Amino acid sequence: MGQKFRLQASGEIADAHPPNRHVKVLSLILIVFFGLFLFFSSFSIALAQTALGIAVLVFGAILITERGALAGANLRPLFAAWGLYLFWLVLVSLVNENPLRSLNNIREEWLLVIVPIGVYLNRNQVYRRRLLLLLALALLMISAYGIVQHFTGFHFRAAQPIHRAGDNWRLSGNFSHPLTYGFFVVTLSTFFLTLIAAWFRRMNAGQRRNWYGRILIAATLAGLAASALCNSRGPMLALGVGLIAVGWLMGQLRWTLIGLAAVCLMALILSPGLAGVFTQRITNDWRVDNPAGRLFIWEHSLAIAEENPIFGSGPGNFGESYLESLAPELRDSKGMGHAHNDFLHVAAIAGIPAVIFYLAIWIVALRRFWQVGRLPDGLPFGRALSLAGLAASVVFLAGSMTEAAFADEELRQILLVLWSFAWNPQESTA
């Protein structure tokens, strides 16, 4: 390998080679557009999903041309769980009073195609290395922008005001909302932090100094800095959960707690007055008489689910159902687009069966990452990727407790990207 930073360990299986020239050409086109999708995902959902749409068409051609393209990928349990979830969402959409609105509202379920495309490409170690580089560059770019934004308040979108947080700003990057930016950066930073922590001891000195390794490390450090400065309590709490998860997975919990204390200290020094702002917001969240508080929103979302525990209110109907659940004097207040909790939101719009199927998706994915990450004879870098996917998923779940992160297309797509890296079809858990 010389001085080149090869993430794979000696002894890993050889790169997967397309069986014929047509598939090879299609695979090259696929990685170009999937790579563009990864890079664009940090600042433009329109460009990202356009690139992804083209990648889906190319991948469809590959599936037709290359028999067994996903053979041995072990994706059947995930497809089964997601299929049940999608089936129930379609059924619920058809039986409620606004079927067309509901069917349109579940259009983001097509994003599942990210996982098989990513798994297919990641079988080729050269492709995997390049895709990881593009993802790291996207994180580095959006994190650097956020750090500049923290100190200057600069925002490309002049028509969209940046939110204040005490004496500073809530970072939003190029996203539509600070929470989307915060959870995006925190989830990606946790993934790369775990990857580097699990793999660092296996790198030689040349690999650690190589430009590729430096970019991954720089992206991780920039992402952690942007996460600590994002000034949004949900993502910052999720970062704490993520750091603890990384420490536990790596068996270095004591050092992780020291690092977490350092991150908190940096945030407090560079964001004066933030502690008071967060304390007030958290206090308001737990007031049952505060219409903007999380506890108030959760109670009314639960009431919607209890009213129709089998079919819920239907996708796209949450806002109307939520207003109907309010007392008359509160119905002129700002509407609510989601339940600020993924599980409660799914229960409210599609009933308890949907929650069971949704939970099954998470169980399948987390079980896979846990098993592959702990294989004693597994490929070292493959295990590191699975542990990274596991830690990032824990962060995402932590965010899902206070926000509908999975309902956000920009956040869901980056989660599925990380799942595709962490899946490791080469490894068998049987």
Side-chain angles (χ1 to χ4, degrees), residues 5 7 34-45 47-48 51-52 114 118 121-122 127-150 156 171-200 210-232 235-236 238-239 242-243 245-246 259 263 266 384-385 387-396 399 405 408-422:
F5 184 88
L7 289 176
F34 194 73
L36 288 173
F37 158 64
L38 296 188
F39 185 72
F40 290 151
S41 64
S42 66
F43 62 89
S44 173
I45 188 171
L47 289 174
L52 178 60
I114 292 171
L121 289 173
N122 279 306
Y127 288 176
R128 182 173 68 184
R129 182 174 183 266
R130 291 171 181 172
L131 291 174
L132 278 170
L133 176 62
L134 284 171
L135 197 59
L137 288 173
L139 174 61
L140 181 59
M141 179 185 68
I142 200 66
S143 298
Y145 177 29
I147 293 170
V148 171
Q149 200 171 64
H150 172 84
F156 279 120
L171 308 188
S172 58
N174 211 41
F175 292 101
S176 59
H177 197 279
L179 289 173
T180 304
Y181 175 87
F183 284 122
F184 185 95
V185 173
V186 167
T187 302
L188 262 184
S189 301
T190 303
F191 176 85
F192 279 110
L193 176 63
T194 310
L195 179 62
I196 291 172
W199 186 246
F200 188 80
N210 180 269
W211 65 270
Y212 188 92
R214 286 177 176 174
I215 288 176
L216 263 62
I217 293 171
T220 304
L221 294 176
L224 290 173
S227 300
L229 299 176
C230 72
N231 290 339
S232 290
M236 294 177 78
L239 173 64
L243 291 176
V246 172
V263 168
M266 179 182 70
L385 277 170
L387 290 176
L390 179 61
S393 297
V394 169
V395 166
F396 196 94
D408 189 320
E409 289 179 272
E410 292 159 297
L411 296 178
R412 184 190 299 203
Q413 67 188 23
I414 200 61
L415 174 72
L416 296 178
V417 164
L418 300 183
W419 281 12
S420 73
F421 278 107

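What's counted below: heavy atoms across the whole structure, side chains too, no hydrogens, waters or symmetry copies. On a predicted model such as this, the values are computed, not experimentally measured, just so you know. Along the sequence shown, residues are numbered consecutively beginning with 1.
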Evaluate side-chain contact (heavy atoms from CB on, under 4.5 Å) for L135 paired with F421, printing each intermediate quantity in order.
CA-CA 11 Å; L135 197 59; F421 278 107; 3.9 Å; yes
Nearest-0.5 Å distance, CZ of residue R129 to CG of residue L216
9.5 Å
State, to 0.1 Å, how close A384 and A198 come at their nearest heavy-atom pair, and which atoms those are.
CB-CB, 3.7 Å
Is there side-chain contact between F192 and L140, with heavy atoms separated by less than 4.5 Å?
no
dist N174:CG -> T180:OG1 (nearest 0.5 Å) comes out at 12.0 Å
Donor-acceptor check, side chain of E410 to backbone of I45, threshold 3.5 angstrom: yes or no?
no
Minimum heavy-atom separation for F175 to I142, with atom names?
CE1-CG1, 4.2 Å
Among I414, V186, L385, exactly one meets side chain to side chain contact (heavy atoms under 4.5 Å, CB included) together with F191. Which residue is that?
L385
Closest non-hydrogen atoms of P235 and L179, given as atom of the first, atom of the second and distance, are CD-CD2, 3.6 Å
Which atom pair, heavy atoms only, marks the closest approach of V185 to G223?
CG1-O, 3.4 Å
Could you tell me the separation between the CG atom of L36 and the CG atom of L134, rounded to the nearest 0.5 Å?
8.0 Å
I want to know whether F34 and F37 have ring centres closer than 6.0 Å.
yes
Hey, what do you get for CG (L415) to CZ (F184), rounding to the nearest 0.5 Å?
11.5 Å
Short question: side chain of S44, backbone of F40 - any donor-acceptor pair under 3.5 Å?
no
Shortest non-hydrogen contact from L121 toward Y127:
O-CB, 3.4 Å
Among residues at least two apart in sequence or on other chains, which ones pass side chain to side chain donor-acceptor pair (under 3.5 Å) with S41?
none
Output, in order, the C-alpha distance, side-chain angles, deciding distance and verdict of side-chain contact (heavy atoms from CB on, under 4.5 Å) for L418 and L188.
CA-CA 8 Å; L418 300 183; L188 262 184; 3.8 Å; yes
Atom OG of S42 and atom CG of L47: how far apart are they, to the nearest 0.5 Å?
10.5 Å
Mind telling me whether F39 and F43 have parallel, tilted or perpendicular rings, with 30° and 60° as the class edges?
perpendicular
Given side chains that start at C-beta, do those of W419 and I114 come closer than 4.5 Å, heavy atoms only?
no
Within this structure, what is the CG-CD distance for the pair D408 and Q413, rounded to the nearest 0.5 Å?
8.5 Å
State which residue, out of L193, L139, T190, T194, fulfils the side chain to side chain contact (heavy atoms under 4.5 Å, CB included) condition with T220.
L193
Any non-hydrogen side-chain atom of L411 less than 4.5 Å from a side-chain atom of T187?
no
Considering all heavy atoms, the nearest L171-I147 contact
CD1-N, 4.5 Å
